[in-house]
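Quick notes on the structure that follows.
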Amino acid sequence: MNSRIKLEQRYCAQNYLPLPVVLVRGEGVHLWDDEGNKYLDMMSAYSAVSHGHANPRLVKVVQEQAAQLNIVSRAYYTDKLGPFLERVCELTGMDVALPMNTGAEAVETALKAARKWAYEVKGVAPDAAEIIACSGNFHGRTIAVIAFSSEAQYKHGFGPYPAGFRLAEFGNLQSLEELITPNTAAFLVEPIQGEGGIIIPPDGYLKACEELCRKHNVLLIADEVQTGLGRTGKLLACEHENVKPDGLILGKALGGGILPVSMFLARHDVMSVFTPGDHGSTFGGNPLAAAVGLEALNILVEDDLPACSAAMGDYMLNGLHQIDSPLIKRIGGIGLFVGVEIDPALGTAREVCERLMQVGILSKETHDTVVRLAPPLTITRSEIDWALERITAVLSEMDEVRLAS
Ligand SMILES: *Cc1c(COP(=O)(O)O)cnc(C)c1O
């Protein structure tokens, strides 16, 4: 086995099962391994690399800002944080932002905001606030977040869990309505479930959730850590249904595929529950992250990456639908956010990913059965054609092997 894989396996906790490839370089939609093999990245680090690897404009900003000022903590003001947050608020229609680093931290921030808002604004009795999330959700890996996961493996062995969470069935409005009580602070939802297998809810679901939340004075909090910033063909996935959430969570692509940058955004009346000392992060909002985040947003707008995602996503979906393979059980997706579900009776998503790797495509299975196809939003038509050819070949190869055995 490759000695670098051995070394990483020896010293790194075994909390992932990586594909057996050692990456040493990335540029645009491509990655290279330590033997010089080139791959098309259809994974984009779980949608964190929407701008392409080592985007030259972002690399330039990193180099300039790194030489100027990096970490000072929020004990001081900087020249970079204000412009970054102004831009992200302008683009998303939110009033205020609280910068963090990872998605899970921004989700925690949203949960804390919702609870405090329930007590101080809505008038819920102390410690009685409830937050409703959805079955099949993914919001990160902290103790509070896994407390409302419906995935047994994410929870097993990590109890006891914090209380105050309920699970509605994703895509089912009535199930949400039944769980709302006078103590409900917020409904936390991914507009399209990512880690759950790229699951798109029925048309009108999110809009109806918004109306229901308004009616009961419940905050609608959209976790767009993965769906946000162009991934689904709009700047925010909420825009597909003209939904304006009360709180919004961004992460992943916000750091331009270079740094961890996340945030919770909200209206003034929600965010104002935070006062100095309530909540914070040593690294959140640091000038290096803010400079990269601002440039990432500028590129997104100037290159119209959401429109690229919509056009190339349609093109890729169309091509996938033309593949005639019994292994494909379902193709789901919107923009460059696509999942191909493999019939578990005929093969595993893992095997598809391993075979794709051998022909130069990097992807990753989610939930054992779904092959994720979510390249950087900068991918071109000819690169998609190249990928479709190989995906078709891999699936027919697997079918031949299956029929021969
Ligand atoms: C990835 C993800 C998170 C967690 O982000 P981390 O940066 O891994 O903590 C939260 N919510 C959604 C929807 C995600 O896809």
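Counting starts at 1 for both ligands and their atoms, following the listed order.
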Review point. Can you list every pair that meets ring pair (Phe, Tyr, Trp, His ring centres under 6.0 Å) and has a residue in residues 128-149, with sequence neighbours left out?
Key: F138-Y154, H139-F148, F148-F165

Practice item. Would you list the pairs meeting ring pair (Phe, Tyr, Trp, His ring centres under 6.0 Å) in which at least one residue belongs to residues 189-211, sequence neighbours left out? Key: F170-Y205

**Study point:** Other residues, nucleotides, ligands: >12 heavy atoms within 6.0 Å of E90 CD
**Key:** yes

Exercise for review: Give a yes or no on this: more than 12 heavy atoms of other residues, nucleotides or ligands lie within 6.0 Å of atom CD of E120.
Suggested key: yes

Point to revise | E195: partners by salt bridge (Lys or Arg N to Asp or Glu O under 4.0 Å), with sequence neighbours left out | key: R372

Check your understanding: Does any donor atom in the side chain of Q174 or E178 lie under 3.5 Å from an acceptor atom in the other side chain?
Key -> yes

Study note, to complete from the structure: The answer, listing residues by chain and number that come under 4.0 Å of ligand 1 through any heavy atom, is T102, G103, A104, F138, H139, G140, E190, D223, V225, Q226, K252

